[in-house]
Protein chains: 2
Amino acid sequence: MLVDTGACERNAHVCHHRRSDNGCGDCKVRPISVCSVLSLVELEQLEGLSQHLTLDKGQTLFGQDEPASAVFNVIEGCLRLTRLLPDGRRQVMGFALPGDFLGLALQERHSVSAEALGQVKTCRFGREDFAAITEAKPHLLKSLHARVRYELTLAQDQMLLLGRRTAEEKVASFLLSLRDRFARIGHNSVTVELPMGRQDMADYLGLTIETVSRMLSRLDRAHSILLVPGGVRLLDAARLERLAAS
Amino acid sequence: MLVDTGACERNAHVCHHRRSDNGCGDCKVRPISVCSVLSLVELEQLEGLSQHLTLDKGQTLFGQDEPASAVFNVIEGCLRLTRLLPDGRRQVMGFALPGDFLGLALQERHSVSAEALGQVKTCRFGREDFAAITEAKPHLLKSLHARVRYELTLAQDQMLLLGRRTAEEKVASFLLSLRDRFARIGHNSVTVELPMGRQDMADYLGLTIETVSRMLSRLDRAHSILLVPGGVRLLDAARLERLAAS
DNA sequence: CGACTTGTTGACGCCTTTCAACGTTGGTGG
DNA sequence: CCACCAACGTTGAAAGGCGTCAACAAGTCG
(Lines give C-alpha, C1' and ligand atoms only; values in the text may rest on other atoms or scores of the structure.)
Protein backbone atom coordinates (compact mmCIF):
# COMPACT_ATOMS: atom_id res chain seq x y z
CA MET A 1 0.00 0.00 0.00
CA LEU A 2 3.01 2.30 -0.15
CA VAL A 3 2.65 5.17 -2.53
CA ASP A 4 5.69 6.98 -3.80
CA THR A 5 5.68 10.59 -4.79
CA GLY A 6 5.18 10.63 -8.48
CA ALA A 7 4.36 6.96 -8.56
CA CYS A 8 1.06 7.97 -9.98
CA GLU A 9 2.54 9.34 -13.12
CA ARG A 10 4.98 6.55 -13.78
CA ASN A 11 2.57 4.41 -15.73
CA ALA A 12 0.31 7.19 -16.89
CA HIS A 13 0.38 8.58 -20.37
CA VAL A 14 1.61 12.16 -20.27
CA CYS A 15 1.15 14.61 -23.12
CA HIS A 16 2.45 18.17 -23.06
CA HIS A 17 -0.13 19.64 -25.31
CA ARG A 18 0.86 22.44 -27.60
CA ARG A 19 -1.50 24.73 -29.43
CA SER A 20 -2.89 21.60 -31.04
CA ASP A 21 -6.36 20.23 -31.47
CA ASN A 22 -6.66 19.38 -27.82
CA GLY A 23 -5.75 22.77 -26.40
CA CYS A 24 -7.76 24.60 -23.78
CA GLY A 25 -9.87 26.20 -26.48
CA ASP A 26 -11.34 22.82 -27.40
CA CYS A 27 -11.54 21.49 -23.85
CA LYS A 28 -14.71 19.45 -23.41
CA VAL A 29 -15.15 20.33 -19.75
CA ARG A 30 -14.18 23.97 -19.89
CA PRO A 31 -17.72 25.34 -19.41
CA ILE A 32 -18.19 23.26 -16.26
CA SER A 33 -14.67 23.46 -14.84
CA VAL A 34 -12.91 26.18 -12.88
CA CYS A 35 -11.46 27.35 -16.18
CA SER A 36 -14.88 28.63 -17.25
CA VAL A 37 -14.08 31.98 -15.65
CA LEU A 38 -10.97 32.48 -17.76
CA SER A 39 -10.83 34.44 -20.99
CA LEU A 40 -9.41 33.05 -24.23
CA VAL A 41 -6.26 35.03 -23.71
CA GLU A 42 -5.82 33.62 -20.25
CA LEU A 43 -6.45 30.12 -21.54
CA GLU A 44 -3.56 30.51 -23.94
CA GLN A 45 -1.30 31.36 -21.03
CA LEU A 46 -2.55 28.26 -19.24
CA GLU A 47 -1.86 25.86 -22.06
CA GLY A 48 1.87 25.95 -21.63
CA LEU A 49 1.56 25.11 -17.95
CA SER A 50 -0.76 22.15 -18.25
CA GLN A 51 -0.25 18.54 -19.23
CA HIS A 52 -2.75 15.96 -20.27
CA LEU A 53 -2.50 12.83 -18.20
CA THR A 54 -4.34 9.58 -18.83
CA LEU A 55 -4.89 6.85 -16.26
CA ASP A 56 -6.16 3.32 -16.73
CA LYS A 57 -8.58 1.59 -14.41
CA GLY A 58 -7.09 1.05 -10.97
CA GLN A 59 -4.19 3.47 -11.34
CA THR A 60 -3.52 6.01 -8.63
CA LEU A 61 -3.44 9.71 -9.46
CA PHE A 62 -2.09 10.58 -6.03
CA GLY A 63 -1.95 8.91 -2.65
CA GLN A 64 -2.98 9.93 0.84
CA ASP A 65 -0.23 11.79 2.77
CA GLU A 66 1.83 12.09 -0.40
CA PRO A 67 3.25 15.61 -0.97
CA ALA A 68 0.75 17.55 -3.08
CA SER A 69 2.89 18.40 -6.08
CA ALA A 70 0.04 19.13 -8.48
CA VAL A 71 -3.66 19.83 -8.94
CA PHE A 72 -5.93 18.40 -11.63
CA ASN A 73 -9.00 19.01 -13.69
CA VAL A 74 -10.91 15.86 -14.49
CA ILE A 75 -11.68 15.77 -18.21
CA GLU A 76 -13.09 12.30 -18.62
CA GLY A 77 -13.86 9.29 -16.43
CA CYS A 78 -14.45 8.86 -12.73
CA LEU A 79 -12.11 8.73 -9.74
CA ARG A 80 -12.56 7.50 -6.21
CA LEU A 81 -11.31 9.68 -3.34
CA THR A 82 -10.52 7.62 -0.28
CA ARG A 83 -9.10 7.96 3.16
CA LEU A 84 -7.67 5.03 5.08
CA LEU A 85 -7.60 4.23 8.79
CA PRO A 86 -4.42 2.59 10.10
CA ASP A 87 -6.27 -0.72 10.58
CA GLY A 88 -7.46 -0.76 6.98
CA ARG A 89 -10.98 0.56 7.37
CA ARG A 90 -11.71 2.79 4.44
CA GLN A 91 -13.94 5.79 3.87
CA VAL A 92 -14.66 6.98 0.36
CA MET A 93 -14.86 10.77 0.62
CA GLY A 94 -16.36 11.21 -2.81
CA PHE A 95 -16.26 10.47 -6.51
CA ALA A 96 -14.76 12.92 -8.98
CA LEU A 97 -16.48 13.34 -12.34
CA PRO A 98 -15.57 15.36 -15.46
CA GLY A 99 -15.35 19.06 -14.63
CA ASP A 100 -14.33 18.41 -11.03
CA PHE A 101 -11.17 19.89 -9.63
CA LEU A 102 -8.80 17.75 -7.57
CA GLY A 103 -6.54 19.36 -5.02
CA LEU A 104 -8.88 22.06 -3.79
CA ALA A 105 -7.73 21.46 -0.24
CA LEU A 106 -4.24 22.35 -1.41
CA GLN A 107 -2.54 21.33 1.79
CA GLU A 108 1.10 20.33 2.01
CA ARG A 109 0.07 16.74 1.53
CA HIS A 110 -2.98 15.15 -0.01
CA SER A 111 -5.58 14.24 2.59
CA VAL A 112 -7.05 11.55 0.33
CA SER A 113 -5.87 9.25 -2.40
CA ALA A 114 -7.41 9.40 -5.85
CA GLU A 115 -7.81 6.26 -7.94
CA ALA A 116 -9.20 5.81 -11.42
CA LEU A 117 -12.41 3.75 -11.63
CA GLY A 118 -12.01 3.38 -15.37
CA GLN A 119 -9.99 5.17 -18.00
CA VAL A 120 -9.51 8.74 -16.82
CA LYS A 121 -8.20 11.82 -18.55
CA THR A 122 -6.99 14.74 -16.49
CA CYS A 123 -5.36 18.10 -16.98
CA ARG A 124 -2.42 18.57 -14.64
CA PHE A 125 -0.96 21.77 -13.19
CA GLY A 126 2.17 21.88 -11.08
CA ARG A 127 1.54 23.19 -7.59
CA GLU A 128 3.88 26.16 -7.93
CA ASP A 129 2.55 27.09 -11.33
CA PHE A 130 -1.00 26.87 -10.14
CA ALA A 131 -0.30 28.98 -7.06
CA ALA A 132 1.23 31.62 -9.30
CA ILE A 133 -1.79 31.61 -11.60
CA THR A 134 -4.30 32.05 -8.79
CA GLU A 135 -2.09 34.74 -7.33
CA ALA A 136 -2.24 36.66 -10.59
CA LYS A 137 -5.91 36.07 -11.35
CA PRO A 138 -8.27 37.06 -8.52
CA HIS A 139 -11.33 35.91 -10.44
CA LEU A 140 -9.88 32.42 -10.66
CA LEU A 141 -9.27 32.49 -6.92
CA LYS A 142 -12.87 33.54 -6.39
CA SER A 143 -14.04 30.73 -8.62
CA LEU A 144 -11.96 28.24 -6.67
CA HIS A 145 -13.24 29.70 -3.43
CA ALA A 146 -16.82 29.27 -4.56
CA ARG A 147 -16.04 25.68 -5.44
CA VAL A 148 -14.55 24.82 -2.04
CA ARG A 149 -17.52 26.45 -0.36
CA TYR A 150 -19.81 24.29 -2.43
CA GLU A 151 -17.75 21.22 -1.61
CA LEU A 152 -18.12 22.09 2.05
CA THR A 153 -21.91 22.08 1.88
CA LEU A 154 -21.73 18.76 0.01
CA ALA A 155 -19.54 17.41 2.79
CA GLN A 156 -22.16 18.56 5.28
CA ASP A 157 -24.87 16.75 3.33
CA GLN A 158 -22.74 13.65 3.52
CA MET A 159 -22.20 14.07 7.26
CA LEU A 160 -25.95 14.21 7.77
CA LEU A 161 -26.33 11.10 5.62
CA LEU A 162 -23.62 9.17 7.45
CA GLY A 163 -24.77 10.17 10.91
CA ARG A 164 -28.51 10.10 10.72
CA ARG A 165 -29.81 8.02 7.85
CA THR A 166 -30.73 4.36 7.60
CA ALA A 167 -29.14 2.00 5.09
CA GLU A 168 -32.09 2.21 2.71
CA GLU A 169 -32.16 6.01 2.89
CA LYS A 170 -28.43 6.12 2.24
CA VAL A 171 -28.66 4.04 -0.91
CA ALA A 172 -31.72 5.86 -2.27
CA SER A 173 -30.11 9.21 -1.56
CA PHE A 174 -26.90 8.11 -3.23
CA LEU A 175 -28.62 7.07 -6.45
CA LEU A 176 -30.51 10.35 -6.66
CA SER A 177 -27.47 12.50 -6.01
CA LEU A 178 -25.51 10.58 -8.61
CA ARG A 179 -28.31 11.10 -11.13
CA ASP A 180 -28.25 14.83 -10.39
CA ARG A 181 -24.49 15.04 -10.78
CA PHE A 182 -24.59 13.27 -14.12
CA ALA A 183 -27.42 15.55 -15.21
CA ARG A 184 -25.38 18.63 -14.36
CA ILE A 185 -22.55 17.51 -16.65
CA GLY A 186 -24.90 16.80 -19.52
CA HIS A 187 -25.43 13.06 -19.16
CA ASN A 188 -29.16 13.14 -18.52
CA SER A 189 -30.99 9.83 -18.32
CA VAL A 190 -33.28 7.72 -16.17
CA THR A 191 -30.58 5.08 -16.31
CA VAL A 192 -27.81 6.03 -13.92
CA GLU A 193 -24.39 4.65 -14.65
CA LEU A 194 -22.52 3.26 -11.65
CA PRO A 195 -18.82 3.55 -12.46
CA MET A 196 -17.90 2.31 -8.96
CA GLY A 197 -18.23 -1.15 -7.47
CA ARG A 198 -20.42 -2.17 -4.55
CA GLN A 199 -17.50 -1.95 -2.14
CA ASP A 200 -16.88 1.65 -3.15
CA MET A 201 -20.52 2.52 -2.61
CA ALA A 202 -20.43 0.79 0.78
CA ASP A 203 -17.32 2.68 1.86
CA TYR A 204 -18.90 5.92 0.68
CA LEU A 205 -22.13 5.34 2.60
CA GLY A 206 -20.64 3.88 5.77
CA LEU A 207 -22.14 0.44 5.13
CA THR A 208 -20.91 -3.03 4.22
CA ILE A 209 -20.96 -4.39 0.71
CA GLU A 210 -23.66 -6.90 1.68
CA THR A 211 -25.98 -4.23 3.03
CA VAL A 212 -25.61 -2.15 -0.13
CA SER A 213 -26.37 -5.20 -2.24
CA ARG A 214 -29.40 -6.05 -0.09
CA MET A 215 -30.81 -2.53 -0.26
CA LEU A 216 -30.39 -2.41 -4.02
CA SER A 217 -32.14 -5.76 -4.28
CA ARG A 218 -34.93 -4.53 -2.04
CA LEU A 219 -35.43 -1.39 -4.15
CA ASP A 220 -35.38 -3.59 -7.24
CA ARG A 221 -38.03 -5.97 -5.83
CA ALA A 222 -40.16 -2.94 -4.92
CA HIS A 223 -39.86 -1.77 -8.55
CA SER A 224 -38.36 1.53 -7.40
CA ILE A 225 -35.29 0.79 -9.47
CA LEU A 226 -34.18 -1.76 -12.03
CA LEU A 227 -30.72 -3.21 -11.67
CA VAL A 228 -28.96 -3.33 -15.02
CA PRO A 229 -25.35 -4.24 -15.82
CA GLY A 230 -23.13 -1.29 -14.93
CA GLY A 231 -25.90 0.85 -13.59
CA VAL A 232 -29.42 1.37 -12.31
CA ARG A 233 -32.62 2.49 -13.99
CA LEU A 234 -34.68 4.72 -11.75
CA LEU A 235 -38.26 3.54 -12.20
CA ASP A 236 -39.90 5.48 -9.40
CA ALA A 237 -37.79 8.50 -8.61
CA ALA A 238 -40.58 10.00 -6.55
CA ARG A 239 -40.56 7.03 -4.20
CA LEU A 240 -36.78 7.28 -3.95
CA GLU A 241 -37.06 10.94 -3.06
CA ARG A 242 -39.52 10.01 -0.33
CA LEU A 243 -37.14 7.34 0.96
CA ALA A 244 -34.16 9.67 0.84
CA ALA A 245 -36.14 12.00 3.10
CA SER A 246 -34.17 15.03 2.16
CA MET B 1 -39.14 25.46 14.89
CA LEU B 2 -39.82 28.27 12.44
CA VAL B 3 -37.08 30.81 12.19
CA ASP B 4 -37.78 34.25 10.89
CA THR B 5 -35.20 36.29 9.10
CA GLY B 6 -33.61 38.50 11.66
CA ALA B 7 -35.35 36.71 14.49
CA CYS B 8 -31.89 36.01 15.74
CA GLU B 9 -31.11 39.58 16.42
CA ARG B 10 -34.41 40.54 17.99
CA ASN B 11 -33.44 39.56 21.49
CA ALA B 12 -29.73 39.94 21.10
CA HIS B 13 -27.76 42.85 22.45
CA VAL B 14 -26.41 44.89 19.57
CA CYS B 15 -23.66 47.45 19.96
CA HIS B 16 -22.33 49.54 17.09
CA HIS B 17 -18.87 49.95 18.41
CA ARG B 18 -17.13 53.20 17.72
CA ARG B 19 -13.40 53.82 18.14
CA SER B 20 -13.91 52.84 21.78
CA ASP B 21 -12.09 50.46 24.07
CA ASN B 22 -13.56 47.45 22.34
CA GLY B 23 -12.55 48.31 18.80
CA CYS B 24 -10.78 45.92 16.45
CA GLY B 25 -7.43 47.04 17.84
CA ASP B 26 -8.26 45.49 21.18
CA CYS B 27 -10.06 42.44 19.80
CA LYS B 28 -9.26 39.38 21.88
CA VAL B 29 -9.52 36.96 19.00
CA ARG B 30 -7.85 39.00 16.30
CA PRO B 31 -4.63 36.96 16.20
CA ILE B 32 -6.60 33.74 15.67
CA SER B 33 -9.39 35.08 13.46
CA VAL B 34 -9.53 35.86 9.76
CA CYS B 35 -8.78 39.45 10.70
CA SER B 36 -5.21 38.48 11.62
CA VAL B 37 -4.14 39.14 8.04
CA LEU B 38 -5.37 42.75 8.11
CA SER B 39 -3.21 45.76 8.87
CA LEU B 40 -4.09 48.33 11.51
CA VAL B 41 -5.24 50.73 8.81
CA GLU B 42 -7.53 48.12 7.37
CA LEU B 43 -8.89 47.29 10.79
CA GLU B 44 -9.93 50.91 11.19
CA GLN B 45 -11.90 50.66 7.97
CA LEU B 46 -13.55 47.51 9.29
CA GLU B 47 -14.66 48.98 12.57
CA GLY B 48 -17.37 51.09 11.05
CA LEU B 49 -18.85 48.09 9.29
CA SER B 50 -18.99 45.73 12.23
CA GLN B 51 -21.34 45.38 15.16
CA HIS B 52 -20.87 43.53 18.40
CA LEU B 53 -23.68 41.13 19.06
CA THR B 54 -24.27 39.20 22.25
CA LEU B 55 -26.42 36.10 22.57
CA ASP B 56 -27.62 34.30 25.66
CA LYS B 57 -27.73 30.55 26.07
CA GLY B 58 -30.19 28.96 23.68
CA GLN B 59 -30.58 31.94 21.38
CA THR B 60 -30.29 31.47 17.64
CA LEU B 61 -27.74 33.46 15.67
CA PHE B 62 -29.22 32.32 12.37
CA GLY B 63 -31.43 29.49 11.23
CA GLN B 64 -31.15 26.85 8.54
CA ASP B 65 -32.51 27.97 5.14
CA GLU B 66 -32.78 31.53 6.39
CA PRO B 67 -31.37 34.12 3.94
CA ALA B 68 -27.73 34.69 4.81
CA SER B 69 -27.74 38.39 5.55
CA ALA B 70 -24.54 38.49 7.55
CA VAL B 71 -21.34 36.72 8.56
CA PHE B 72 -19.79 36.56 12.02
CA ASN B 73 -16.58 36.25 13.93
CA VAL B 74 -16.99 34.41 17.21
CA ILE B 75 -15.34 36.41 19.98
CA GLU B 76 -16.43 34.50 23.06
CA GLY B 77 -18.49 31.42 23.89
CA CYS B 78 -19.50 28.37 21.89
CA LEU B 79 -22.15 27.78 19.26
CA ARG B 80 -23.73 24.64 17.89
CA LEU B 81 -24.11 24.30 14.11
CA THR B 82 -26.96 21.97 13.23
CA ARG B 83 -28.82 20.66 10.26
CA LEU B 84 -32.30 19.19 10.52
CA LEU B 85 -34.01 16.42 8.59
CA PRO B 86 -37.72 16.98 7.82
CA ASP B 87 -38.67 14.26 10.32
CA GLY B 88 -36.74 15.92 13.13
CA ARG B 89 -33.55 13.90 13.09
CA ARG B 90 -30.67 16.24 13.75
CA GLN B 91 -27.01 16.30 12.80
CA VAL B 92 -24.65 18.66 14.55
CA MET B 93 -22.18 19.75 11.87
CA GLY B 94 -19.78 21.31 14.32
CA PHE B 95 -19.14 23.60 17.25
CA ALA B 96 -17.88 27.13 16.76
CA LEU B 97 -15.34 28.47 19.25
CA PRO B 98 -13.72 31.91 19.67
CA GLY B 99 -11.77 32.86 16.55
CA ASP B 100 -14.04 30.84 14.27
CA PHE B 101 -15.75 32.44 11.32
CA LEU B 102 -19.44 31.75 10.67
CA GLY B 103 -20.82 32.08 7.17
CA LEU B 104 -17.84 30.73 5.26
CA ALA B 105 -20.16 28.83 2.95
CA LEU B 106 -21.66 32.17 2.02
CA GLN B 107 -24.52 30.71 0.05
CA GLU B 108 -27.81 32.50 -0.57
CA ARG B 109 -29.19 30.82 2.50
CA HIS B 110 -27.57 29.35 5.57
CA SER B 111 -27.13 25.59 5.28
CA VAL B 112 -27.09 25.20 9.06
CA SER B 113 -28.54 26.96 12.05
CA ALA B 114 -26.26 28.38 14.74
CA GLU B 115 -27.33 28.38 18.37
CA ALA B 116 -25.55 29.69 21.41
CA LEU B 117 -24.53 27.03 23.97
CA GLY B 118 -23.87 29.69 26.56
CA GLN B 119 -23.36 33.41 26.49
CA VAL B 120 -21.78 34.24 23.14
CA LYS B 121 -20.20 37.40 21.79
CA THR B 122 -19.83 37.86 18.07
CA CYS B 123 -18.69 40.45 15.60
CA ARG B 124 -21.22 40.90 12.80
CA PHE B 125 -20.67 42.03 9.19
CA GLY B 126 -23.47 42.63 6.71
CA ARG B 127 -23.29 40.33 3.72
CA GLU B 128 -22.96 43.16 1.19
CA ASP B 129 -20.36 44.96 3.24
CA PHE B 130 -18.37 41.81 3.70
CA ALA B 131 -18.50 40.93 0.01
CA ALA B 132 -17.19 44.41 -0.76
CA ILE B 133 -14.35 44.04 1.72
CA THR B 134 -13.18 40.71 0.35
CA GLU B 135 -13.47 42.11 -3.16
CA ALA B 136 -11.14 44.95 -2.23
CA LYS B 137 -8.67 42.91 -0.18
CA PRO B 138 -7.28 39.86 -1.97
CA HIS B 139 -5.22 38.81 1.03
CA LEU B 140 -8.42 38.56 3.09
CA LEU B 141 -9.96 36.43 0.38
CA LYS B 142 -6.90 34.20 0.46
CA SER B 143 -7.16 33.92 4.21
CA LEU B 144 -10.83 32.98 3.95
CA HIS B 145 -9.99 30.53 1.20
CA ALA B 146 -7.39 28.86 3.39
CA ARG B 147 -9.94 28.63 6.16
CA VAL B 148 -12.60 26.94 4.02
CA ARG B 149 -10.01 24.53 2.72
CA TYR B 150 -9.12 23.67 6.30
CA GLU B 151 -12.80 23.29 7.17
CA LEU B 152 -13.11 20.89 4.27
CA THR B 153 -10.40 18.61 5.59
CA LEU B 154 -12.04 18.75 9.03
CA ALA B 155 -15.33 17.75 7.40
CA GLN B 156 -13.53 14.81 5.80
CA ASP B 157 -12.16 13.76 9.17
CA GLN B 158 -15.69 13.84 10.47
CA MET B 159 -16.99 11.79 7.54
CA LEU B 160 -14.43 9.12 8.31
CA LEU B 161 -15.46 9.18 11.94
CA LEU B 162 -19.17 8.96 11.18
CA GLY B 163 -18.83 6.25 8.58
CA ARG B 164 -16.18 3.96 9.93
CA ARG B 165 -15.69 4.33 13.65
CA THR B 166 -17.29 2.57 16.60
CA ALA B 167 -19.12 4.41 19.35
CA GLU B 168 -16.18 4.24 21.73
CA GLU B 169 -13.75 5.46 19.08
CA LYS B 170 -16.08 8.32 18.24
CA VAL B 171 -16.29 9.54 21.81
CA ALA B 172 -12.55 9.19 22.45
CA SER B 173 -11.77 10.96 19.20
CA PHE B 174 -14.20 13.74 20.03
CA LEU B 175 -12.65 14.44 23.43
CA LEU B 176 -9.16 14.59 21.94
CA SER B 177 -10.13 16.87 19.10
CA LEU B 178 -11.92 19.18 21.51
CA ARG B 179 -8.83 19.29 23.70
CA ASP B 180 -6.73 20.21 20.68
CA ARG B 181 -9.10 22.94 19.59
CA PHE B 182 -9.11 24.50 23.05
CA ALA B 183 -5.34 24.27 23.12
CA ARG B 184 -5.07 26.14 19.85
CA ILE B 185 -7.06 29.08 21.23
CA GLY B 186 -4.98 29.29 24.35
CA HIS B 187 -7.07 27.31 26.82
CA ASN B 188 -4.62 24.55 27.54
CA SER B 189 -5.50 22.01 30.20
CA VAL B 190 -5.91 18.31 30.91
CA THR B 191 -9.46 19.14 31.94
CA VAL B 192 -11.54 19.64 28.82
CA GLU B 193 -14.58 21.81 29.17
CA LEU B 194 -17.73 20.43 27.53
CA PRO B 195 -19.89 23.45 26.69
CA MET B 196 -22.42 21.21 24.91
CA GLY B 197 -24.86 18.72 26.36
CA ARG B 198 -24.89 14.96 25.81
CA GLN B 199 -27.56 15.27 23.15
CA ASP B 200 -25.38 17.68 21.18
CA MET B 201 -22.43 15.31 21.38
CA ALA B 202 -24.67 12.44 20.27
CA ASP B 203 -25.98 14.39 17.30
CA TYR B 204 -22.42 15.36 16.39
CA LEU B 205 -21.13 11.78 16.53
CA GLY B 206 -24.11 10.05 14.95
CA LEU B 207 -25.05 8.28 18.18
CA THR B 208 -27.83 8.43 20.75
CA ILE B 209 -27.57 10.25 24.03
CA GLU B 210 -27.60 6.95 25.91
CA THR B 211 -24.68 5.53 23.95
CA VAL B 212 -22.62 8.68 24.53
CA SER B 213 -23.36 8.49 28.22
CA ARG B 214 -22.45 4.81 28.32
CA MET B 215 -19.16 5.32 26.49
CA LEU B 216 -18.20 8.19 28.79
CA SER B 217 -19.03 6.01 31.78
CA ARG B 218 -16.98 3.16 30.34
CA LEU B 219 -13.96 5.42 29.77
CA ASP B 220 -14.44 6.74 33.31
CA ARG B 221 -14.55 3.23 34.83
CA ALA B 222 -11.40 2.36 32.84
CA HIS B 223 -9.75 5.46 34.38
CA SER B 224 -9.04 6.84 30.92
CA ILE B 225 -11.03 9.92 31.82
CA LEU B 226 -12.64 11.42 34.89
CA LEU B 227 -16.11 12.85 34.53
CA VAL B 228 -16.36 16.20 36.26
CA PRO B 229 -19.24 18.68 36.27
CA GLY B 230 -19.20 20.59 32.99
CA GLY B 231 -16.29 18.72 31.52
CA VAL B 232 -13.88 15.82 31.43
CA ARG B 233 -10.40 15.34 32.81
CA LEU B 234 -8.23 13.32 30.46
CA LEU B 235 -6.33 10.90 32.70
CA ASP B 236 -4.81 8.68 30.06
CA ALA B 237 -4.61 10.61 26.81
CA ALA B 238 -2.34 7.96 25.31
CA ARG B 239 -4.99 5.29 25.76
CA LEU B 240 -7.57 7.62 24.23
CA GLU B 241 -5.30 8.18 21.24
CA ARG B 242 -5.03 4.45 20.82
CA LEU B 243 -8.80 4.09 21.01
CA ALA B 244 -9.36 6.92 18.57
CA ALA B 245 -7.17 5.00 16.14
CA SER B 246 -6.35 8.01 14.05
C1' DC C 1 -40.17 21.87 48.27
C1' DG C 2 -41.98 20.34 43.65
C1' DA C 3 -41.65 20.55 38.71
C1' DC C 4 -38.55 20.34 35.10
C1' DT C 5 -34.46 19.43 32.54
C1' DT C 6 -30.41 16.70 31.98
C1' DG C 7 -27.73 12.65 32.65
C1' DT C 8 -27.14 7.63 34.00
C1' DT C 9 -28.14 2.85 33.95
C1' DG C 10 -30.51 -1.57 32.76
C1' DA C 11 -33.22 -4.80 29.85
C1' DC C 12 -34.70 -5.82 25.51
C1' DG C 13 -35.04 -5.63 20.45
C1' DC C 14 -33.73 -4.64 15.90
C1' DC C 15 -30.88 -3.15 12.13
C1' DT C 16 -26.66 -3.85 10.35
C1' DT C 17 -22.60 -6.64 10.39
C1' DT C 18 -20.34 -10.95 10.16
C1' DC C 19 -19.64 -15.33 8.28
C1' DA C 20 -20.47 -18.36 4.70
C1' DA C 21 -22.13 -20.32 0.45
C1' DC C 22 -23.45 -19.71 -4.09
C1' DG C 23 -24.14 -17.41 -8.68
C1' DT C 24 -22.34 -14.42 -12.46
C1' DT C 25 -19.13 -12.32 -15.35
C1' DG C 26 -14.97 -11.78 -17.95
C1' DG C 27 -10.41 -13.12 -19.23
C1' DT C 28 -7.09 -16.94 -20.31
C1' DG C 29 -5.50 -20.91 -22.35
C1' DG C 30 -6.04 -25.69 -23.59
C1' DC D 1 -15.56 -23.89 -28.06
C1' DC D 2 -15.38 -24.61 -23.46
C1' DA D 3 -12.95 -25.55 -19.05
C1' DC D 4 -10.88 -22.92 -15.57
C1' DC D 5 -10.12 -19.22 -12.44
C1' DA D 6 -10.40 -14.86 -10.14
C1' DA D 7 -13.10 -10.87 -9.14
C1' DC D 8 -17.46 -9.25 -8.17
C1' DG D 9 -22.13 -9.52 -6.65
C1' DT D 10 -26.11 -11.80 -4.27
C1' DT D 11 -28.42 -14.21 -0.66
C1' DG D 12 -29.13 -16.60 3.84
C1' DA D 13 -28.38 -17.51 8.83
C1' DA D 14 -26.54 -16.06 13.01
C1' DA D 15 -24.34 -12.62 16.07
C1' DG D 16 -23.62 -8.29 18.00
C1' DG D 17 -23.48 -3.33 18.60
C1' DC D 18 -26.21 0.28 19.13
C1' DG D 19 -30.99 2.04 19.56
C1' DT D 20 -35.30 1.99 22.07
C1' DC D 21 -37.91 2.04 26.10
C1' DA D 22 -38.14 2.78 30.83
C1' DA D 23 -36.84 3.85 35.47
C1' DC D 24 -34.12 6.46 38.34
C1' DA D 25 -30.67 10.03 39.95
C1' DA D 26 -28.94 14.71 39.99
C1' DG D 27 -29.00 19.32 39.34
C1' DT D 28 -31.77 23.84 38.47
C1' DC D 29 -35.21 27.25 38.90
C1' DG D 30 -39.75 28.85 40.20
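Given the structure is predicted, the values throughout are model-derived calculations rather than measurements. Chain letters run A, B, ... following the sequence lines, proteins first, then strands; residues in each count from 1.
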Donor-acceptor pairs under 3.5 Å, side chain of residues 173-180 of chain B to any protein atom, not counting sequence neighbours: which ones?
{"residue": "B:Ser177", "atom": "OG", "partner": "B:Ser173", "partner atom": "O", "Å": "3.4"}
{"residue": "B:Ser177", "atom": "OG", "partner": "B:Phe174", "partner atom": "O", "Å": "3.0"}
{"residue": "B:Arg179", "atom": "NH2", "partner": "B:Glu241", "partner atom": "OE2", "Å": "3.3"}

Qualifying ring-ring contact (aromatic ring centres under 6.0 Å, His included) pairs with a residue from residues 225-245 of chain B, counting only residues at least two apart or across chains:
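Not a single pair qualifies under ring-ring contact (aromatic ring centres under 6.0 Å, His included).
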Can you list the residues that meet the side-chain contact (heavy atoms from CB on, under 4.5 Å) rule with [X], with sequence neighbours excluded?
X	result
B:Arg242	B:Ala238, B:Arg239
B:Ile32	B:Val29, B:Ile185
A:Glu76	A:Lys28, A:Lys121
B:Asp220	B:Ile225, B:Leu226, B:Leu227

Interface with DNA chain C, restricted to residues 193-207 of chain A and to heavy atoms under 4.0 Å
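Those residues whose heavy atoms fall under 4.0 Å from DNA chain C, taken from residues 193-207 of chain A in numerical order, are A:Gly206, A:Leu207.
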Angle, rounded to 10°, between the helical axes spanning five pairs at each terminus of the helix from C:dC1-D:dG30 to C:dG30-D:dC1?
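Between the axes fitted at each end of the helix from C:dC1-D:dG30 to C:dG30-D:dC1 lies an angle of 30°.
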Using atom names, set out every protein N or O paired with an N or O of nucleotides 9-13 of chain C below 3.5 Å, distance rounded to 0.1 Å.
{"residue": "C:dT9", "atom": "OP2", "partner": "B:Ser217", "partner atom": "OG", "Å": "2.3"}
{"residue": "C:dG10", "atom": "N7", "partner": "B:Arg214", "partner atom": "NH1", "Å": "2.9"}

Can you list, pair by pair, the side-chain donor-acceptor contacts under 3.5 Å of residues 93-102 of chain B, counting residues two or more places apart and other chains?
{"residue": "B:Asp100", "atom": "OD2", "partner": "B:Leu97", "partner atom": "N", "Å": "2.7"}
{"residue": "B:Asp100", "atom": "OD2", "partner": "B:Arg181", "partner atom": "NH2", "Å": "2.6"}

Which of residues 163-173 of chain B have a heavy atom under 4.0 Å from DNA chain D?
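Residues of residues 163-173 of chain B that come under 4.0 Å of DNA chain D are, in numerical order, B:Thr166, B:Ala167.
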Report, as a single string ordered 5' to 3', how protein heavy atoms within less than 4.0 Å touch nucleotides 25-30 of chain D: B base, S sugar-phosphate only, - not at all.
------
